[in-house]
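Heads up: the structure comes next, in structure tokens.
Quick note: numbers below take in every heavy atom, side chains included, and nothing from hydrogens, waters or symmetry partners. Naming: A, B, ... by sequence-line order, numbering from 1 per chain.
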Protein chains: 2
Amino acid sequence: MATSVPDAGTSNGSQAEEICLVCNDFSTGYHYGVPSCNGCKTFFRRTIMKKQVFACQYNGTCTIDKSIRCACRHCRFEKCLKVGMDRNAIQQNRDPIGYTKRTRRYPPAKTLTASMGVSPPAIVPQSQSPQQSVNELTAEQMAEDVLLQTLMQVENQVEKLRNSNFVMQKSLIEAVLATSIFLDPQFIESPMEPAHNYDILRPAKMADYHYWHEREWVIMIEWAKTIPVYKELDLADKLALLRYSAITYPAMIQCFYTPDKGPDTIVFPNGAYFDRNPEPERPAGFQRKKFQMLDNLLKPLRDMRVDINEFAAAKAIFFLNPDADDLQPDTRHPIAETRASITNALYRYMVKRRGSEEAADRYGKLLLLGTVIATMAVEMKEAVVVADFFEQVKFSPFAKELLFGVKHEANGGTPISVVTP
Amino acid sequence: MATSVPDAGTSNGSQAEEICLVCNDFSTGYHYGVPSCNGCKTFFRRTIMKKQVFACQYNGTCTIDKSIRCACRHCRFEKCLKVGMDRNAIQQNRDPIGYTKRTRRYPPAKTLTASMGVSPPAIVPQSQSPQQSVNELTAEQMAEDVLLQTLMQVENQVEKLRNSNFVMQKSLIEAVLATSIFLDPQFIESPMEPAHNYDILRPAKMADYHYWHEREWVIMIEWAKTIPVYKELDLADKLALLRYSAITYPAMIQCFYTPDKGPDTIVFPNGAYFDRNPEPERPAGFQRKKFQMLDNLLKPLRDMRVDINEFAAAKAIFFLNPDADDLQPDTRHPIAETRASITNALYRYMVKRRGSEEAADRYGKLLLLGTVIATMAVEMKEAVVVADFFEQVKFSPFAKELLFGVKHEANGGTPISVVTP
DNA sequence: AAGTAGCGGTCAAAGGTCGA
DNA sequence: CTCGACCTTTGACCGCTACT
């Protein structure tokens with residue numbers, strides 16, 4: 001326990017390799033691919049080898065620092081994964097799929113080079129280096145991983161944009177055609193504005209629902225424009241994808257980014273919240289949507305402890321729906337291809353973080369959330385049409401453009417009607 | 001914690017290290033820099049961590065000895081400091097670790113394997129036995145694989161039943177409650193009847209659609225009764241699952257088992273077929289369903305060359321939808337568990353047959369068909385309701401029971417209206 | 001031949017547990 | 001409530017192997 005507090009003041013990045021990325025203690029070199037200290041290195045290895053699963057006593061957001069790195073093993077392990085420690089670099093206890101023999105336990109005798117029979121690969125390196133199937137990626141796989149990394153990086157900007165005070169005064173078409181703010185270096189480097197106060201909550205009013213939906217839509221549009229395949233689509237196809245996700249994208253965002261105020265509460269960044277209580281002034285059918293969000297989205301996301309990177313991938317997978325209405329037949333294929341690229345990269349990401357066994361289970365559960373998304377998309381499309389038909393909801397021009405594909409007027413942009421919450 | 005025992009030269013040092021410098025009890029090693037016993041070690045830590053301050057009842061000169069070390073906490077703590085215990089060696093609170101007594105309970109969850117039954121094993125499995133990693137499947141995994149194998153075996157009977165001339169004259173409720181024909185040894189051993197002649201095709205008429213839908217429903221019911229978790233459900237939950245899949249189960253069956261007459265044709269076993277041609281006599285909305293079946297189900301099933309075993313798993317995964325309407329809350333969890341068991345077993349099956357790389361891609365694509373299924377389920381539920389409302393379709397009593405949950409009449413069974421094709 | 005980076009293993013010494 | 005026998009967890013240090 002070296003008590004020596006490192007002078008963190010040196011902003012020199014070249015020293016970064018000497019600091020443990022997990023706990024900021026002095027690093028003793030690269031371990032499992034990450035500059036880290038002996039403690040975090042050993043902790044990571046032990047956790048994986050013993051297949052331990054921890055639970056955070058709080059809300060899974062504990063800060064990990066040298067002085068308190070032992071306080072929450074769940075968050076410490078999550079931090080290890082977050083900074084990129086690679087469980088495939090752990091040698092014992094290998095991937096159960098590509099069966100490799102291990103020669104541990106009692107005899108250190110390595111005379112039994114052949115060990116047990118089954119040796120699938122032509123070359124069997126006796127003592128396994130962490131190479132092989134893991135680091136050897138094809139060019140295609142690397143491209144897929146780059147795509148996923150881009151999604152992850154953008155996702156890390158989403159909350160910043162969501163909490164910010166930006167005002168978009170564009171029509172839907174203009175917003176779709178403009179360059180994404182997520183690709184604007186000035187925005188990327190801007191600091192996160194102080195989070196809203198989540199301690200003072202108040203029930204959401206109609207104005208809150210409208211305000212936040214339109215805000216999430218703008219975020220969805222800015223986000224979509226960062227996806228390579230999306231940029232290449234015709235305007236009509238872009239709008240078709242946006243329309244398909246118009247209901248579910250805000251729902252996913254709101255479920256994932258709400259602070260944990262219990263299993264029945266979803267909070268908007270301004271402190272407005274809703275829960276299971278009925279709200280008679282809202283159109284019928286929206287109560288059902290609330291239950292679906294709480295039971296079928298929020299709960300599994302929480303239970304699975306979906307991390308932001310998995311969430312980034314899931315959002316894109318469900319958004320890039322080649323079966324969405326009104327897509328031109330020619331564009332379905334490239335969309336499906338990109339979707340497959342993301343699923344493949346997501347799977348590799350999960351294997352790296354969770355191991356192949358848990359990854360398969362987790363991957364399946366996450367993809368099956370697609371059924372929930374699809375159900376909500378269809379049901380709410382119906383409900384929205386009905387609500388509009390009976391004029392229960394006064395949709396803004398922006399909303400009508402998005403939900404119903406109302407033709408854009410020749411020249412003037414229809415400004416977003418921002419409702420002050 | 002390199003001990004760096006400084007005893008090198010001291011003659012009697014070897015003896016002193018075995019004695020607690022605080023109370024002269026046997027020491028258990030160095031604690032906080034001083035050879036000390038467990039009691040004094042723990043006492044010192046507790047005192048520091050709880051920031052306790054003691055007062056001596058006498059004059060602060062109490063002797064501390066093993067027999068009376070608890071008599072005066074003030075003087076005991078002073079003695080700790082005097083012999084050199086280092087308060088800087090006290091660390092922060094750590095994460096709680098749970099039970100440590102081996103005579104109590106089973107370890108803190110995580111291993112769902114032996115969750116059933118009482119069986120607290122004398123030896124806690126929590127300890128490290130790094131075995132089981134490679135070829136060895138856990139008992140849980142083996143149970144999952146057995147479940148999948150059962151589904152596969154039943155699936156191999158489906159076409160036999162579908163092509164047979166069986167006539168079910170039962171009401172929905174009776175069919176649900178009876179024993180599955182798939183579990184009847186007599187049926188299992190019966191030979192497959194000669195397949196229908198798929199060379200002579202004719203366009204399907206309304207009667208064909210009705211006939212085959214009701215027939216697929218009967219097959220669905222017989223099939224569902226072979227799923228262990230399904231058997232345990234209440235009648236209402238059984239009906240809820242059947243209702244959810246009432247549209248999509250026949251669609252999946254028809255897509256998978258149709259002979260390949262080109263990408264736009266689906267053939268029933270009696271030679272009746274349909275394709276993309278509009279059929280004005282059918283209700284609006286059914287044309288859309290046909291396109292969905294051809295484009296979103298038949299095409300991917302063909303493109304992926306889904307085999308019958310994968311199909312068996314997929315059917316069950318989509319059928320066991322824990323989010324289906326009207327399910328009781330308590331039954332959602334066991335359904336989700338079984339669904340996860342099947343997905344896991346399916347993944348292992350794919351890895352075995354295709355290798356881990358292709359398996360991940362294939363597994364993802366197959367599970368994402370769930371979005372198609374969910375979309376069709378919801379849309380057709382709407383369409384069916386509308387169709388019934390406008391009486392465009394004369395639903396049979398059996399169909400009404402299934403689709404709308406019409407109450408079963410007290411005694412008489414409502415016979416299936418078998419339309420001769 | 002010697003050096004180094006990064007694996008896994010080790011065990012003294014931390015902290016946690018729970019019946020007495 | 002405190003005590004302390006007994007337990008788990010931690011991490012500085014070590015040996016090992018592959019690759020310079």
Side-chain angles (χ1 to χ4, degrees), chain A residues 1-2 17 20 22-23 25-50 52 54 66 68-73 76-77 85-94 102-105 108 110 125-131, chain B residues 1-5 17 20 22-23 25-50 52 54 66 68-73 76-77 85-105 107-108 124 126-128 130:
Chain A
M1 315 268 158
E17 291 182 2
C20 172
V22 179
C23 72
D25 197 355
F26 292 118
S27 126
T28 61
Y30 276 73
H31 302 295
Y32 313 110
V34 169
S36 44
C37 67
N38 268 321
C40 293
K41 160 200 154 188
T42 310
F43 171 78
F44 185 72
R45 182 181 68 237
R46 256 197 310 257
T47 301
I48 287 172
M49 289 183 39
K50 292 164 77 174
Q52 285 173 298
F54 305 120
K66 169 176 163 39
I68 54 171
R69 64 187 169 201
C70 297
C72 179
R73 289 175 293 170
R76 188 184 192 183
F77 186 64
M85 279 193 176
D86 181 359
R87 69 185 304 144
N88 295 90
I90 285 177
Q91 297 175 346
Q92 188 151 346
N93 171 14
R94 301 187 74 83
R102 141 187 107 247
T103 59
R104 263 305 93 154
R105 229 45 289 180
K110 60 183 84 166
Q126 204 279 341
S127 66
Q128 51 289 61
S129 61
Q131 315 302 88
Chain B
M1 301 315 132
T3 45
S4 67
V5 180
E17 286 174 12
C20 171
V22 179
C23 72
D25 196 356
F26 292 114
S27 124
T28 62
Y30 276 71
H31 302 294
Y32 313 110
V34 170
S36 44
C37 67
N38 263 323
C40 293
K41 159 200 149 187
T42 309
F43 171 79
F44 184 73
R45 180 178 67 242
R46 265 200 298 257
T47 304
I48 300 276
M49 291 185 59
K50 294 164 76 173
Q52 287 173 299
F54 306 119
K66 169 175 165 46
I68 55 168
R69 63 188 170 199
C70 298
C72 177
R73 291 188 289 173
R76 188 184 188 184
F77 185 63
M85 280 194 174
D86 180 4
R87 66 190 313 148
N88 293 321
I90 300 281
Q91 300 176 355
Q92 296 283 342
N93 277 346
R94 288 189 185 172
D95 209 12
I97 59 175
Y99 288 105
T100 56
K101 301 292 188 243
R102 296 195 164 183
T103 56
R104 272 271 180 193
R105 296 208 174 195
V124 182
Q126 211 260 2
S127 65
Q128 69 288 14

Below the 4.0 Å mark, does [N] have OP1 or OP2 next to a side-chain nitrogen or oxygen of [X]?
X: B:R94; N: C:dG16; answer: no
X: B:K50; N: D:dT2; answer: yes
X: A:Y30; N: C:dT4; answer: no
X: A:R87; N: C:dC7; answer: no
X: A:Q52; N: D:dT8; answer: no
X: B:R46; N: C:dG15; answer: no

Could you give the angle between the helix axes at the two ends of the helix from C:dA2-D:dT20 to C:dA20-D:dT2, with five pairs per end, rounded to 10 degrees?
-> 0°
Residue list, side chain to side chain contact (heavy atoms under 4.5 Å, CB included) with B:C72, at least two apart or on another chain | B:C56, B:C62, B:H74, B:C75
Can you list the residues that meet the side chain to side chain contact (heavy atoms under 4.5 Å, CB included) rule with A:T47, with sequence neighbours excluded?
-> A:F43, A:Q52, A:F54, A:F77
Output every pair passing salt bridge (Lys or Arg N to Asp or Glu O under 4.0 Å) with a member in residues 25-34 of chain B, not counting sequence neighbours, ordered by first then second residue.
-> B:D25-B:K66, B:D25-B:R69
Residue pairs passing the salt bridge (Lys or Arg N to Asp or Glu O under 4.0 Å) test where at least one lies in residues 30-42 of chain B, sequence neighbours excluded = none
Please report, rounded to the nearest Å, how far the [atom2] atom of [N] is from the [atom1] atom of [X].
X: A:N38; N: C:dG9; atom1: CG; atom2: P; result: 15 Å
X: B:Q92; N: D:dG11; atom1: CD; atom2: P; result: 13 Å
X: B:H31; N: D:dT10; atom1: NE2; atom2: C1'; result: 15 Å
X: A:K41; N: C:dA5; atom1: NZ; atom2: P; result: 13 Å
X: A:Y32; N: D:dG11; atom1: OH; atom2: P; result: 14 Å
X: B:Q91; N: C:dA14; atom1: CD; atom2: P; result: 8 Å
X: A:I68; N: D:dG11; atom1: CD1; atom2: P; result: 13 Å
X: B:F44; N: C:dA13; atom1: CZ; atom2: P; result: 15 Å

Check every atom of C:dG16, D:dC3, D:dT10 against the side chain of B:P96 and return the nucleotide holding the closest atom.
-> C:dG16
Taking the side chain of B:A89 as its heavy atoms from C-beta onward, which of C:dA14, C:dT17, D:dT10 lies nearest to it?
-> C:dA14
At what distance, to the nearest 0.5 angstrom, does CE of B:M85 lie from CD1 of B:I48?
-> 10.0 Å
What pair of heavy atoms forms the shortest contact from A:C40 to A:C23, and how long is it?
-> SG-SG, 3.8 Å
Check: D:dG4 base within 3.5 Å donor-acceptor of B:R45 side chain | no
NA contact type, B:C37, heavy-atom cut-off 4.0 Å: base, sugar-phosphate, or nothing?
-> nothing
What residues form a side chain to side chain donor-acceptor pair (under 3.5 Å) with A:R73, not counting sequence neighbours?
-> B:D95
Can you spot which of B:R76, B:R87, B:H31 makes a side-chain contact (heavy atoms from CB on, under 4.5 Å) with B:F44?
-> B:R87
